[in-house]
Enquirer: 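Below: one structure in structure tokens.
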Amino acid sequence: MSSRYNHREVEPKWRERWAAAKIDRALSPDEAKGKKKAYVLEMFPYPSGRIHVGHSRNYTMGDVIARFRRSNGYNVLHPMGWDAFGLPAENAAMERGIHPKGWTYDNIAAMREQLKLLGLAIDWSREIATCDVAYYKHQQAMFLAFWKKGLVYRKKQKVNWDPVDNTVLANEQVVDGKGWRSGAPVETRELEQWMFKVTAYAEDLLAALEKLDKWPDKVRLMQTNWIGKSQGAKIWWDIAEAPDFLPPPAGEVARRADGGEPSSPSVAYGDTSPASGGGKHEPNHARDPIEVYTTRPDTLFGASFLALAPDHPLTKAIAAHNPEVAKFVEQCAQLGTSEADIEKAPKFGVDLGVRVRHPFDPDWILPVWGANFVLSAYGTGAIFGSPAGDQRDLDFANKYKLPFKPVVLPPGADAATYAVTTEAFTDDGTIYNSGFLDGLSTRDAIKAAIAELVKLDKGEATTQWRLRDWGVSRQRYWGCPIPAIHCAKCGVVPVPEKDLPIALPDDVTFDKDKPGNPLDRHPTWKHTTCPQCSGAATRETDTLDTFVDSSWYFARFTDPNNKNAPFDKKLAGYWLPVDQYVGGVEHAVLHLLYARFFTRGMRDCGLLDGPADGEPFRSLFTQGMVVHETYWRIADHDVPIDEIDIDPSGIALWKKNGEQLASSEIVGRPRRYFAAKRWLLPEQTEVKNGVRVEIATGKPVATGAIEKMSKSKKNVVDLDAFVTDFGADVARWFVLSDSPPERDVEWTASGVRGSWSYVQRVWTLMEAHGRAAPKPGDVAPNAANEGDALALRQLAHRAIQSVTDDIEGFRFNVAVARGYEMINAISRLKGDGEGEVFARGEALRILAQLISPFMPHLAEECWETLGMEGFVATAPWPVADPALAARNTVTLPIQVNGKKRAEIEAPKGAAESDIRELALQHETVKPFLEGVTIRKVIVVPDRIVNIVAN
RNA sequence: GCGAGCGUGGCGAAACCGGUAGACGCAGCGGACUUAAAAUCCGUUCGCCGAAAGGCGGUGCGGGUUCAAGUCCCGCCGCUCGCACCA
């Protein structure tokens with residue numbers, strides 16, 4: 001009498017029982033005496049609306065780990081929260097005339113209910129949302145602490161400015177030089193920005209990457225490149241000649257526009273100004289020596305020119321008087337910044353009319369050029385050109401007929417004949433044509449050149465970083481207000497801690513016609529008094545970048561309801577670092593770097609005792625996405641029907657004047673062709689007679705690329721509907737099957753059917769067996785230790801070993817395969833004797849435990865059906881019986897000259913000489929040994945035999 | 001351009017230290033049950049030759065190391081990701 005497994009009743013039942021028993025609650029350190037802790041965390045979601053099955057994969061992976069750890073006796077912290085500030089809420093507000101707060105909290109409520117459907121073992125008592133005042137007031141206090149510590153400063157910085165939306169855009173929000181929402185060309189503006197001094201930890205952030213051995217190499221490499229440490233030298237080139245209009249070498253002239261060290265410390269709060277750059281050659285006045293950065297001071301004798309960035313102060317100073325230079329600067333500004341543009345842009349430049357002296361020879365005069373390929377944002381914005389050793393310098397020198405000579409002799413080349421024409425030699429070699437450096441290796445010459453520069457006071461060794469400080473100002477409403485006050489008399493003043501929180505006002509207006517920051521135009525909120533002089537003052541109306549919110553939330557989870565502090569030092573010390581962090585690789589640099597910075601900052605502000613090394617995430621896993629086919633049809637009105645069509649098999653036909661275009665001709669499709677696509681939800685389509693059609697119209701539908709599930713392409717499967725139809729367990733099982741977790745998995749109807757039928761098979765066997773499963777430790781009857789029963793017992797115990805290793809090693813797809821293997825083996829075992837019943841019951845019990853991290857509801861129902869006590873979720877993880885899991889006989893393949901010819905069964909650990917004889921005497925092997933001489937017999941114990949003969 | 005990763009049946013994949021290539025799933029084919037269908041169950045499925053036993057070939061391409069290579073080394077080709085005129 002088998003009944004169908006009814007997930008609609010079973011799943012909610014167990015979720016209620018788990019909640020009632022509070023099994024997901026993380027224990028306090030005192031309660032958990034004797035247990036090890038495990039902090040398992042998935043990157044918390046942005047509450048964008050509703051979740052779909054694609055979102056579920058990330059949480060399911062974390063949940064498998066969390067449940068697995070709990071079964072293994074750990075005190076598990078597995079929390080959930082909401083990255084709730086951000087632009088989409090304001091956009092929704094503008095489009096629909098609602099409040100960002102209401103929109104956000106509604107979304108959170110909806111998504112919380114959806115996530116709960118998945119049966120995740122989450123301690124919901126620790127839920128946080130970054131837009132709660134209870135959360136961000138601690139963030140404001142932390143901002144003040146960082147400020148006090150010198151990790152916060154203000155600086156004029158170039159930003160992407162959207163002139164239509166009146167706001168700063170992040171680089172990611174600039175697409176092809178245009179604002180992603182407004183479509184308006186983005187302008188560059190200089191704005192006073194709040195900065196976090198990430199560069200203070202550059203050395204440590206880089207060095208500590210080596211210790212993060214449980215992070216993917218790929219992510220560590222990306223951070224290494226992002227931090228971009230480079231060792232070299234600064235060199236000061238004295239001006240020999242300059243145009244008369246340049247001011248004399250005195251007075252205040254700004255240094256290069258966007259340099260390493262920030263400018264004036266305009267903020268009063270203890271020691272707020274970052275350590276100044278310090279050299280005696282600062283600042284770089286128009287007639288002061290030109291500072292150049294190089295990694296190759298060994299090639300100094302090959303120098304033939306200096307080149308400055310278009311926005312180097314000296315270039316700009318000359319452009320103000322020299323029309324030719326002004327034209328050059330303008331041309332550079334007009335060049336696109338996209339990758340393709342840079343690739344294509346030819347090198348060009350202009351002689352600035354300035355001449356400098358070579359540091360090693362005052363009589364050696366070199367020209368100074370402006371050049372488009374020199375970046376103002378890197379190094380000092382000025383280089384010396386050594387054409388024989390740098391391809392860009394060589395191209396430039398060839399174009400403008402600047403002289404050059406090779407100074408590095410490639411290994412093996414002849415100094416008498418070696419020459420450079422169009423290809424520079426950039427590798428290490430032997431220095432020649434270089435005075436006192438002659439004969440040295442590249443390495444030694446770099447040291448010798450720097451020593452000489454220091455002696456002459458013409459330069460010094462230096463380290464250059466690609467990493468920049470983090471600009472956190474956003475001209476936005478829906479974010480954490482920055483706790484600062486602007487006073488005409490006192491300058492920028494921190495809000496006293498007792499006045500926190502600075503809460504966002506609710507009464508703001510969102511008006512499409514009045515873009516910009518609603519805080520800025522709020523009638524009362526921004527007006528306040530100065531905490532120092534009590535005079536009239538205004539609040540800072542910028543809010544913090546939402547990446548700040550997510551830079552410390554993992555610490556808040558350790559003590560989420562603390563009213564007086566962001567968290568208790570002891571609790572944070574107990575739980576941190578996060579033992580397993582799971583998230584998308586798209587956060588490889590920004591979020592993961594900022595969090596590492598923040599942990600160090602919190603430590604140095606005394607908020608955090610451990611981890612002493614400042615690393616928030618011990619182990620990181622970057623998971624793949626759920627992808628799905630996309631479906632679309634032609635829009636009804638946008639395009640003349642003869643220009644685009646869909647053939648009955650779902651292939652798009654692009655036509656022009658009735659002629660069909662080959663796919664190669666469809667490059668650079670006009671924009672309106674894209675507008676012609678109307679994406680369809682999978683459930684709006686069906687396959688009829690092998691053709692996918694729109695259900696409503698019966699018209700054929702085109703099948704587009706297989707892409708990450710996203711609202712915009714509509715290739716999503718709604719979670720609620722899926723859970724109703726198939727159950728959460730099927731979704732969880734499916735997203736972990738088939739593909740390795742780090743790779744994408746394609747959601748397919750047939751794959752879902754496979755998972756569904758697996759659930760049914762498990763249930764059918766469980767129910768048929770009933771309440772007769774042996775408990776762990778029950779002694780097996782003799783009959784269970786022979787024949788097929790024994791084979792099943794061995795398989796089950798080996799599965800314990802395998803699944804345990806697979807979960808530990810993030811091979812969930814392999815663990816899933818073991819689940820299939822087990823159910824196949826269990827259903828193959830026939831007979832109802834004492835031995836079979838025992839073996840079957842034991843295997844089913846083990847199966848219920850092994851699948852419980854993956855399909856917790858089904859496992860729980862099975863556990864109860866088998867007559868087991870308590871929750872399978874909290875039952876100890878099964879331990880394999882070594883006697884059963886071990887193999888006492890092994891199958892050895894016998895190869896002759898590397899080709900498999902036979903197999904033999906042999907006892908495990910059998911003597912090599914015995915195996916050798918068995919192999920040589922084997923009936924099917926013998927024919928291959930006739931007429932040849934046996935050269936060698938290789939016996940790898942318990943693995944293989946290979947007979948070498950010829 | 002630089003850097004990293006990947007390339008295995010019709011498809012998703014497995015093979016952890018070099019040791020029986022293709023576990024497991026999907027799709028396909030054959031069968032059972034059924035009036036029929038769905039569901040379920042059983043068998044089968046890398047290619048070629050063969051009635052079978054068995055043989056030959058096979059992990060992007062070309063070489064190499066080894067008794068033995070999907071796995072290690074060298075050189076190509078292709079795809080994906082990251083960075084990009086970084087001095």
Side-chain angles (χ1 to χ4, degrees), chain A residues 2 4 216-226 228-230 232-233 235 292-297 299 307 309 338-339 342-343 345-347 371-375 377-386 389-393 395-396 426 464-466 585-586 588-589 733-734 737-740 742-746 748-758 760-761 764 802 805-806 809 811 813-824 827-828 891-903 924 927 935-950:
Chain A
S2 75
R4 220 122 199 263
D217 288 344
K218 182 181 167 186
V219 173
R220 292 197 284 172
L221 186 69
M222 281 164 74
Q223 293 213 355
T224 302
N225 292 339
W226 186 265
K229 181 179 183 175
S230 129
I235 302 172
V292 157
Y293 173 74
T294 181
T295 56
R296 294 295 301 274
T299 63
S338 77
E339 292 172 17
I342 290 169
E343 189 77 35
K347 295 188 176 22
N372 66 328
F373 67 92
V374 180
L375 304 175
Y378 186 80
T380 62
I383 63 158
F384 77 82
S386 191
D390 185 290
Q391 194 58 48
R392 292 156 303 175
D393 297 350
D395 294 345
F396 194 76
T426 55
Q464 197 64 45
W465 303 88
R466 189 181 169 280
V585 74
E586 67 273 19
V589 176
W733 188 252
F734 176 73
S737 64
D738 283 357
S739 278
E742 66 275 15
R743 231 180 278 178
D744 291 347
V745 65
E746 188 189 347
T748 60
S750 56
V752 167
R753 269 199 301 279
S755 296
W756 164 259
S757 75
Y758 181 72
Q760 300 303 330
R761 288 179 72 194
T764 305
S802 167
D805 292 348
D806 292 338
R811 289 182 297 271
N813 55 326
V814 183
V816 165
R818 298 288 168 246
Y820 280 103
E821 234 165 38
M822 274 189 85
I823 206 72
N824 289 342
S827 61
R828 255 196 298 272
T891 308
L892 293 178
I894 301 169
Q895 298 180 333
V896 178
N897 291 329
K899 276 194 202 313
K900 183 186 148 195
R901 295 302 177 186
E903 283 179 355
T924 52
R935 303 284 175 196
K936 210 178 190 181
V937 179
I938 291 142
V939 179
V940 183
D942 298 336
R943 294 227 82 140
I944 202 167
V945 179
N946 193 6
I947 301 165
V948 187
N950 58 24

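Proteins get letters first, then strands, A, B, ... in listed order; numbering begins at 1 in each.
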Enquirer: Closest approach to the side chain of A:Pro740, judged atom by atom: which nucleotide of B:A87, B:A13, B:U20 is it?
Expert: B:A13

Enquirer: Using atom CE of A:Met222 as one end and atom P of B:A84 as the other, report the distance to the nearest whole Å.
Expert: 11 Å

Enquirer: Roughly how many Å apart are B:U45 and B:G64, using the P atom of each and rounding to a whole number?
Expert: 35 Å

Enquirer: B:G50 and B:C56: how far apart are their C1' atoms, nearest whole angstrom?
Expert: 11 Å

Enquirer: Yes or no on side chain to side chain contact (heavy atoms under 4.5 Å, CB included) for A:Phe384 and A:Asp390, after CA distance, side-chain angles and deciding distance?
Expert: CA-CA 11 Å; A:Phe384 77 82; A:Asp390 185 290; over 6 Å; no

Enquirer: Are any of the side-chain nitrogens in A:Asp395 or A:Arg392 under 4.0 Å away from the carboxylate oxygens of its partner?
Expert: no

Enquirer: Check the distance between B:A23's C1' and A:Asp805's CG and give it to me in whole angstrom.
Expert: 16 Å

Enquirer: Identify which nucleotide among B:A87, B:A23, B:G12 has an atom closest to any side-chain atom of A:Tyr378, counting heavy atoms from C-beta outward.
Expert: B:A87

Enquirer: Roughly how many Å apart are B:G18 and B:U59, using the C1' atom of each and rounding to a whole number?
Expert: 15 Å

Enquirer: Check for me whether A:Lys347 meets the cation-pi criterion with A:Phe396, that is, NZ or CZ under 6.0 Å from the six-membered ring centre and within 45 degrees of the ring axis.
Expert: no

Enquirer: Using a heavy-atom cut-off of under 4.0 Å over every strand shown, decide if A:Gly751 touches base, sugar-phosphate, or nothing.
Expert: nothing

Enquirer: Do A:Asp805 and A:Arg811 have side chains that get closer than 4.5 Å, going by heavy atoms?
Expert: yes

Enquirer: With both distances under 3.5 Å as the test, what is the Watson-Crick or G-U wobble partner of B:G19?
Expert: B:C67

Enquirer: If you assign A:Asp738 and A:Asn946 each to the RNA chain B nucleotide with the nearest heavy atom, which residue ends up on the more 5' nucleotide?
Expert: A:Asp738

Enquirer: For B:G82 versus B:A38, give the span between their C1' atoms, rounded off to a whole number of Å.
Expert: 49 Å

Enquirer: Could you state the atom-to-atom distance from CZ of A:Phe734 to P of B:G12 in whole Å?
Expert: 13 Å

Enquirer: Main chain of A:Thr299, side chain of A:Ser386: is a donor-acceptor contact present, judged purely on distance under 3.5 Å?
Expert: yes

Enquirer: Ignoring hydrogens and angles, does a donor from either the side chain of A:Lys218 or the base of B:C81 sit under 3.5 Å from an acceptor on the other?
Expert: no

Enquirer: Where the side chain of A:Arg943 is defined as all heavy atoms beyond and including C-beta, which of B:G19, B:A87, B:C26 is the nearest nucleotide?
Expert: B:G19

Enquirer: Rounding to a whole Å, what distance do you find between A:Lys900:NZ and B:G57:P?
Expert: 15 Å

Enquirer: Is there a side-chain contact between A:Arg466 and A:Asn225 (heavy atoms, below 4.5 Å)?
Expert: no

Enquirer: When you measure from the side chain of A:Arg901, which nucleotide among B:C83, B:A13, B:G55 comes out closest?
Expert: B:G55

Enquirer: Please state whether the phosphate of B:A23, meaning OP1 or OP2, lies under 4.0 angstrom from any side-chain nitrogen or oxygen of A:Tyr820.
Expert: no

Enquirer: Please work out if A:Ser750 contacts a base, only the sugar-phosphate, or nothing of the nucleic acid, heavy-atom cut-off 4.0 Å.
Expert: sugar-phosphate

Enquirer: For B:G9, does the O4'-C1'-N9-C4 or O4'-C1'-N1-C2 angle fall within 90° of 0, making it syn, or is it anti?
Expert: syn

Enquirer: Tell me which nucleotide, if any, is Watson-Crick or G-U wobble paired with B:G3 when both distances must be under 3.5 Å.
Expert: B:C81

Enquirer: To the nearest angstrom, how far is A:Glu746 atom CD from B:A27 atom C1'?
Expert: 13 Å

Enquirer: Just confirming the chi classification of B:C61, syn or anti, using 90° around 0 as the syn window.
Expert: anti

Enquirer: Distance check needed: B:G12 P versus A:Trp733 CH2, whole Å only.
Expert: 21 Å

Enquirer: B:A68, OP1 or OP2 - any side-chain N/O from A:Arg935 closer than 4.0 Å?
Expert: no

Enquirer: In terms of side-chain heavy atoms of A:Leu375, which of B:C67, B:U20, B:A87 is nearest?
Expert: B:A87

Enquirer: Would you say A:Asn946's side chain and A:Gly898's backbone share a donor-acceptor pair under 3.5 angstrom?
Expert: yes

Enquirer: With respect to the side chain of A:Arg466, which nucleotide from B:C67, B:C83, B:A87 is positioned closest?
Expert: B:C83

Enquirer: Quick check on RNA chain B: between A:Asp744 and A:Gly898, whose nearest nucleotide comes earlier from the 5' end?
Expert: A:Asp744

Enquirer: Nearest of B:A23, B:A87, B:C67 to any side-chain atom of A:Thr295?
Expert: B:A87

Enquirer: Select one nucleotide: of B:A23, B:G57, B:G19, the one nearest the side-chain heavy atoms of A:Ala817.
Expert: B:A23

Enquirer: Check for a donor-acceptor pair, side chain of A:Arg296 on one end and backbone N or O of A:Thr426 on the other, with a separation under 3.5 Å.
Expert: yes

Enquirer: Within the structure shown, what part of the strands sits under 4.0 Å from A:Ile938 by heavy-atom distance: base, sugar-phosphate, or nothing?
Expert: base

Enquirer: Nearest heavy-atom pair of A:Asn813 and A:Ser739: which atoms, and what distance?
Expert: CB-O, 3.5 Å

Enquirer: If you measure from the P atom in B:C42 to the same atom in B:A27, how many Å do you get, rounded?
Expert: 16 Å

Enquirer: Nearest whole angstrom, please: distance from the P of B:A87 to the CZ of A:Arg392.
Expert: 7 Å

Enquirer: Nearest-Å distance, NZ (A:Lys899) to P (B:G58)?
Expert: 7 Å

Enquirer: At under 4.0 Å, does any side-chain N or O of A:Asn813 touch on OP1 or OP2 of B:A14?
Expert: yes

Enquirer: Do the side-chain N and O atoms of A:Asp806 and A:Ser802 include a donor-acceptor pair separated by under 3.5 angstrom?
Expert: yes

Enquirer: Rounding to the closest angstrom, what is the interatomic distance between B:C11 and B:A68 at atom C1'?
Expert: 31 Å

Enquirer: Take atom C1' in B:A69 and the same atom in B:G60, then report the distance between them in whole Å.
Expert: 16 Å

Enquirer: Using a cut-off of 4.0 Å on non-hydrogen atoms, how would the nucleic acid contact of A:Val292 be classed: base, sugar-phosphate, or nothing?
Expert: nothing

Enquirer: For B:A13, does OP1 or OP2 lie under 4.0 Å from any side-chain N or O of A:Arg743?
Expert: yes

Enquirer: Could you go step by step and tell me if A:Ser737 and A:Tyr758 meet the side chain to side chain contact (heavy atoms under 4.5 Å, CB included) rule?
Expert: CA-CA 12 Å; A:Ser737 64; A:Tyr758 181 72; over 6 Å; no

Enquirer: Within the 4.0 Å heavy-atom criterion, would you say A:Glu903 contacts the bases, only the backbone, or no part of the nucleic acid?
Expert: base

Enquirer: Expressed in whole Å, how much space separates the P atoms belonging to B:C74 and B:C6?
Expert: 15 Å

Enquirer: Assign a letter to each nucleotide of nucleotides 40-48 of chain B from its 5' end: B, base within under 4.0 Å of a protein heavy atom; S, sugar-phosphate only; -, no contact.
Expert: SS-------

